[in-house]
Amino acid sequence: MAKSNTATLETEETRPIGLLEGVVRRFVRNPVGMVGLVFITILVIAAVFGPIIAPYNPTAMVAFDARFAPPTLEHPFGLDELGRDQFSRILHGARVSLQVGVISVTLATLIGTTLGMIAGYGNRIVDEVIMRSMDVLFAFPTILLAIAVMAILGRGVTNAMIAIGVVYIPIFARIARGEVLTVKNEEFVEAARALGASDAAILWRHILPNILAPIIVEISLSLSFAILAEAALSFFNLGTQPPDPSWGRMLSEGRAYINQSAWMGIFPGLAIMFTVMGFNFLGDGLRDSLDPKQNR
Amino acid sequence: MNYQYILQRLILAVVVVLGVTFAVFSIVQLVPGDPARVILGVQANEENVAAMHERMGLNRPFFEQYFSWLGGVVRGDFGTSLITSQSVSDQIAARLPATLQLAFASLFIGLAIAFPLGIISAMYPRSPIDLFASLISQIGVSIPDFWMGILLILLFSLSLGWLPPSGYTPINEDFGDWLAHIILPAMTAGLISGSIQTRFIRSAMLEVLGESYIRTAYAKGLSRNVVISRHALRNAMITIVTIIGLQMTALFSAVVVVEIVFTWPGLGDLSLEAVLDRDYPLLQGTVLTLAVIVTFINLLVDIIYFFLDPRIEYA
């Protein structure tokens with residue numbers, strides 16, 4: 001009996017677990033990360049199924065006579081200055097936020113990580129040129145840099161994605177460079193080099209997989225900043241253009257009527273705050289789960 | 001002391017500022033198509049476009065334009081506004097004090113919140129005050145600064161009627177009125193930067209409080225206040241100063257946003273006006289000034305860091 005108990009314990013508790021399985025296990029046990037995951041799941045559902053779930057057309061003036069109406073069962077977030085349903089507009093706004101966040105952060109990750117890896121792996125001159133260029137980008141207050149890029153490209157949501165992407169390139173470059181510097185002299189890299197692997201192959205196949213953890217964490221945290229930046233640009237009338245709904249734009253419009261209807265300035269703000277909080281929690285949870293110091 | 005570190009930081013700052021001038025100058029050159037047509041609109045006639053080329057110096061080769069502009073910048077001449085024909089330098093000089101006042105007031109409010117909250121929560125980890133501090137900082141990190149501004153206006157201006165919702169009075173004209181106008185914008189940027197700094201101060205203090213020299217200080221019979229102020233805080237300051245320095249870019253970013261929300265007549269508000277009017281010389285002047293201020297503050301932080309921890313070397 002005792003023997004069979006031991007066998008059960010060995011298979012369930014002490015059998016070696018894979019890297020990914022370990023990360024998932026730790027993440028599931030992390031309450032902060034799980035709360036973040038729930039928030040983000042709600043956001044993704046709203047973004048994907050928004051047009052189906054939304055009770056009204058977000059740009060239609062469904063009740064012009066009842067403009068500024070407070071929240072009711074029919075219109076849970078009330079009506080705006082043109083009698084449009086705020087709840088439907090917020091659901092559609094989720095799509096804009098997620099789209100801008102994902103595309104701009106993907107841009108920043110791809111360019112920033114590549115530059116950082118080249119800087120960390122290349123010679124001193126390459127490193128200096130790339131990293132001093134990143135220092136130049138770092139010298140600008142983030143939103144000001146985004147505004148300056150918008151001045152070049154012009155208004156609109158696509159240009160906002162590019163502007164936000166440019167702002168976050170140096171962050172990924174710095175992280176990737178730092179990680180490459182710690183990994184590039186490891187034995188497995190020396191071994192790959194001794195076997196005749198090219199620099200590109202070493203970077204892609206051997207170094208990249210070993211520096212992914214902090215980059216994944218940064219992706220989650222940057223998504224929250226990107227969503228804040230899009231909201232700010234739309235608030236300044238540079239991002240999403242009317243009549244398309246976006247949370248930042250809704251706040252900008254709501255600000256003018258805040259005396260008549262405070263909720264016009266509250267619900268879009270709450271949507272931004274919970275989304276940003278979701279990505280921050282997710283990032284914190286991922287950091288704890290991916291931290292090699294916790295690997296046993 | 002190894003002053004080579006300071007020299008290297010100075011050289012680096014000069015390189016960064018030169019890079020910033022190049023990036024800022026390139027704003028006009030990177031505009032897709034003809035910048036003169038973009039500024040004047042599609043219906044502009046050839047004569048006007050040619051005059052704009054002449055006015056902006058777009059006829060000359062790129063580097064000739066850059067060095068001529070840079071020469072002007074070094075002498076404090078940023079050119080003239082395309083909209084008002086006023087000197088950009090004069091406009092910047094008129095707006096700079098408002099931005100600096102707001103930045104320092106926000107930093108002051110942020111630190112006044114972050115230091116006590118960060119230290120106390122590190123002294124009593126997992127206590128109710130620690131949980132409260134972490135909740136506040138989590139909200140502060142997640143809340144959009146412009147929304148925070150709207151909420152504060154809603155509460156303190158529209159509901160309670162205590163403070164004006166926007167506007168500015170120069171400090172030398174009426175101090176009381178200046179104070180009444182700066183409180184809400186400074187609180188907006190200060191609460192957000194303070195909540196981020198609380199996190200860093202807490203973790204820096206927690207790390208130091210776990211060190212063996214703190215246990216030794218307690219073992220010597222020193223009181224908790226003496227241990228915290230003379231031993232823990234002094235050592236944690238190295239990390240804290242670095243973090244505050246890194247936060248300056250974020251603080252100025254918040255100041256830009258807050259200026260726009262509260263129509264505070266600073267450089268952030270002026271930058272947005274310039275973008276909306278496609279007034280490129282004005283935009284170049286405001287962006288360059290703010291980026292140089294941030295670089296200068298970062299250099300200052302590096303130097304303070306060096307004096308706080310003489311072991312530091314250039315890496």
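Naming: A, B, ... by sequence-line order, numbering from 1 per chain.
- Distance alone, capped at 3.5 Å, places no donor-acceptor pair between the B:Tyr280 side chain and the A:Ile152 backbone.
- Contacts classified as side chain to side chain donor-acceptor pair (under 3.5 Å) and involving residues 91-102 of chain A (residues at least two apart or in different chains) are not found.
- Of the two parts of A:Leu137, neither the backbone nor the side chain holds a non-hydrogen atom closer than 4.5 Å to a non-hydrogen atom of chain B.
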Evaluation steps, side chain to side chain contact (heavy atoms under 4.5 Å, CB included), between B:Val141 and A:Met277: CA-CA 8 Å; B:Val141 175; A:Met277 220 179 239; over 6 Å; no
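- Looking at A:Thr142, the atoms closer than 4.5 Å to chain B (heavy atoms on both sides) sit in the backbone and in the side chain alike.
- Between A:Ile272 and B:Trp147 there is no side-chain heavy-atom pair separated by less than 4.5 Å.
- Heavy-atom pairs under 4.5 Å with chain A were tallied for B:Val257, B:Thr286, B:Leu283; the largest tally goes to B:Val257.
- Test B:Asn298, B:Leu12, B:Val15, B:Val20 against A:Asp135 for side chain to side chain contact (heavy atoms under 4.5 Å, CB included) and you get one pass: B:Leu12.
- Of the atoms belonging to A:Phe235, it is side-chain heavy atoms, and not backbone ones, that fall under 4.5 Å from chain B.
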A:Phe281 vs B:Gln138, side chain to side chain contact (heavy atoms under 4.5 Å, CB included): CA-CA, chis, key distance, verdict: CA-CA 9 Å; A:Phe281 284 171; B:Gln138 196 53 252; 3.2 Å; yes
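- Looking at A:Thr275, A:Leu228, A:Ile227, A:Val276 one by one, the single match for side chain to side chain contact (heavy atoms under 4.5 Å, CB included) with B:Ser142 turns out to be A:Val276.
- Proximity to chain B (any heavy atom under 4.5 Å) is shown, for A:Phe279, by neither the backbone nor the side chain.
- Within the 3.5 Å criterion, the main-chain N or O of A:Ala139 finds no donor-acceptor partner in the side chain of B:Thr295.
- For A:Asp244, the side chain to side chain donor-acceptor pair (under 3.5 Å) criterion is met by no residue, not counting sequence neighbours.
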